[in-house]
Amino acid sequence: MKKLSPWERQQKGELDPLRKKLLFIQRMMMWIYSSYQERGHMTIVSRKRGKSVDPQSSRSESEIVPKVTKMTVSGKKQTMGFEVPGVTAEENGDSVHTPHKGPPSEDANIAASGILEPVSKAALLSHTIQALEEQSTTPTPVKKTNKLKQQIDVKAELEKRQGGKQLLNLVVIGHVDAGKSTLMGHLLYLLGNVNKRTMHKYEQESKKAGKASFAYAWVLDETGEERERGVTMDVGMTKFETKTKVITLMDAPGHKDFIPNMITGAAQADVAVLVVDASRGEFEAGFETGGQTREHGLLVRSLGVTQLAVAVNKMDQVNWQQERFQEIVGKLGHFLKQAGFKEGDVAFIPTSGLSGENLITKSQSSELTKWYQGKCLLEQIDSFKPPQRSIEKPFRLCVSDVFKDQGSGFCVTGKIEAGYIQTGDRLLAMPPNETCTAKGIMLHDEPVDWAAAGDHVSLTLVGMDIIKINVGCVFCGPKEPIKACTRFRARILIFNIEIPVTKGFPVLLHYQTVSEPATIRRLISVLHKSTGEVTKKRPKLLTKGQNALVELQTQRPVALELYKDFKELGRFMLRYGGSTIAAGVVTEIKE
Ligand code: GDP
């Protein structure tokens, strides 16, 4: 039997009170010693390229950093219970860039580029959101000041780390029951990411629960409640590899109640797989108003996803009929074009998540090969273009989860949107405008010395109280802070809404992992659909399809960037009464 350490024995309640006290004192001394070491840690780290020379601290780092395979976005984590920061970064004299002081023509530029065009009866007109990304923007120059960081050549290190493979964050979206979890669970199984024994266990358990058809879905739907309800609620995260890429897979919930969770996943994705059910009536149910196919498509596009693989799934249910496939391609293709996807960036693939057909190898079945010679799902994922990683920009990480771990400090998870981080780096959290130290970095369950834009990481932080941090908080470098504000201006595109938007309209502001109550404080102007010129000043109301400049007021401070500086942190969605009513980009940060 494994010999237990005193600490483990204490946890099991096997130690007498005196030993417990001694152990407590010993741990306190170790903690004081390691805190003392931490002060000198940064210099040691910089010289050793991030390798800690303190065996004590490196050992405890790997011990305390947890395994993070799941991003939870429930409960308190959907809100931002921040206190209003007493001193803003700017007042602090720390401000590095001044986004809102851009050229006066900035808004006009964005307006003239026609970023936001009207919606047709059911959806957006083409290049609405697409144009949002194509506008000419001049990012505010950034001052590089961090000596420590100049020590590592992140680009070269990244190449080395990935063994030449590119990183890609992929979100799986689609209507509930379209087969998302089954499809991806089966794909992972075929790739060898789930061992036979585990798969057998899932098969047995799902059979016992009377849900045999969900065995593959169980690979991804981990919590008991998810299995019970048969729906994915959290955003599960897994890693797999293709020929040229390392993929972080996010299986987002399709159920309407969980759309905010889905936004959290989609906000962190570079590309998406949209799963639709090819069965008669089912595709239609997902595609009609109230179905999630359209809303998910619009959401991911608004959140910056430009490349899409559409898995036309459950093709076994329609005998692999070419006509049915074409019918779906026609209807969905038209809609996706309207939603702002370029035709060349959308690929349709006939699949069966249940039988595994056309997932990781081209189908051999003559039913399919007689009319389909295109890529299988894995080949399509492999051929996605990797996005540009903003490694040279200041560090930004938007928190998607916060939790306490054993040992000192606490952990946050999130995707690094820009820049990079090394262990020992000082970080500023906005809000609450407080600093801390990144004691440990975990990437794909492994402790690492550094991580860069595009990586999903878990950071162990010390020197800050966990209650200060919530989901949506942004971590940045103290010298290059992000601003926290409660008031900002934005260009918005109103979706297909029934009630007009008026001054004081209450909304839920969604961006990155944030979901924050807000109001439309001012309706500044209505803009021309294609030229972007002001067509009406101070309108009384905004109706569907309109492009407008508005001022938003949030209840609590939110950390935002101008769209021209950080696309990822400068675009958002507005929701009201359970539906998405607008997409927008930040043009000016007020206070
Ligand atoms: P999700 O809600 O989109 O994640 O859907 P699930 O993966 O949970 O699947 C919902 C149901 O559809 C389950 O009963 C699956 O077994 C079934 N299913 C998934 N993919 C296929 C498929 O390709 N063919 C058939 N016939 N059934 C499928």
Side-chain angles (χ1 to χ4, degrees), residues 70 170-190 194 199 202-238 249-259 261-262 265-266 272-287 291-297 299-300 309-321 324-325 328 332 348-361 363 365 367-368 372 376-378:
K70 199 132 173 123
L170 180 141
V171 70
V172 185
I173 53 171
H175 193 66
V176 64
D177 282 348
K180 299 177 292 297
S181 303
T182 305
L183 187 83
M184 298 319 286
H186 204 152
L187 183 123
L188 291 173
Y189 173 68
L190 293 174
V194 188
M199 200 60 239
Y202 289 148
E203 275 164 8
Q204 296 297 315
E205 285 175 3
S206 57
K207 223 181 261 171
K208 239 200 256 161
K211 295 180 175 176
S213 70
F214 284 95
Y216 289 115
W218 281 21
V219 173
L220 290 167
D221 294 347
E222 283 173 23
T223 71
E225 198 186 343
E226 282 175 335
R227 291 177 174 187
E228 222 143 81
R229 295 185 60 177
V231 293
T232 313
M233 296 186 298
D234 278 339
V235 183
M237 287 216 284
T238 328
L249 163 72
M250 288 167 282
D251 174 47
H255 198 275
K256 201 171 185 339
D257 298 351
F258 309 124
I259 288 247
N261 293 13
M262 186 246 149
V273 171
L274 170 63
V275 184
V276 295
D277 185 340
S279 325
R280 300 219 170 264
E282 292 303 326
F283 168 74
E284 287 72 15
F287 192 57
Q292 277 89 61
T293 309
R294 282 170 193 264
E295 186 163 22
H296 281 192
L299 280 176
V300 290
V310 181
V312 181
N313 195 36
K314 305 196 189 179
M315 281 297 290
D316 55 304
Q317 293 281 55
V318 293
N319 303 321
W320 300 92
Q321 267 174 23
R324 179 60 175 161
F325 179 77
I328 291 170
L332 199 52
F348 290 85
I349 301 134
T351 58
S352 168
L354 203 59
S355 72
E357 205 67 41
N358 220 18
L359 298 191
I360 72 158
T361 49
S363 172
S365 152
E367 275 175 312
L368 184 59
Y372 182 81
C376 66
L377 185 60
L378 193 71

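These numbers were taken from a predicted model, which means no experiment stands behind them. Numbers here simply count residues along the sequence, with the first being 1. Values below: every heavy atom of this structure, side chains too, minus hydrogens, waters and symmetry copies. Note that ligands are numbered from 1 as they come in the structure, with each ligand's atoms numbered from 1 the same way.
N358 and S363 form no side-chain donor-acceptor contact under 3.5 Å, judged by distance and modelled atom types alone.
At under 3.5 Å, a nitrogen or oxygen of D177, whether backbone or side chain, sits near a nitrogen or oxygen of ligand 1. Taking any N or O of V176, backbone or side chain, none lies under 3.5 Å from an N or O belonging to ligand 1. Considering backbone and side-chain N/O atoms, G353 comes within less than 3.5 Å of an N/O atom of ligand 1. When only interatomic distances are considered, the shortest N/O to N/O separation between M315 and ligand 1 does not fall below 3.5 Å.
Assignment of G174 to the shell around ligand 1 is not supported, since no heavy atom sits closer than 4.0 Å.
Between the CG atom in D316 and the CG atom in L368 there is a gap of 11.5 Å [rounded to 0.5 Å].
Counting heavy atoms under 4.0 Å from ligand 1, residue N313 touches it through the side chain alone. Of the heavy atoms in K314, both backbone and side-chain atoms come closer than 4.0 Å to ligand 1.
Between L354 and L183 the shortest side-chain heavy-atom distance does not fall below 4.5 Å. The shortest side-chain heavy-atom distance between W320 and E357 falls under the 4.5 Å cut-off. Between R324 and F283 the shortest side-chain heavy-atom distance falls below 4.5 Å.
Contacts of Y372 classified as ring-ring contact (aromatic ring centres under 6.0 Å, His included), with partners at least two apart in sequence or in another chain: none.
Residue K180 holds the heavy atom nearest to atom 1 (P) of ligand 1 of all those in E282, M184, K180.
Checked for salt-bridge contact, E284 and R294 miss the test: no charged N lies under 4.0 Å from a carboxylate O.
The distance from ligand 1 to the heavy atoms of S181 drops below 4.0 Å at these ligand atoms: 4 (O), 7 (O). Near D316, the atoms of ligand 1 lying under 4.0 angstrom from a non-hydrogen atom of the residue are 22 (C), 23 (O), 24 (N), 25 (C), 26 (N).
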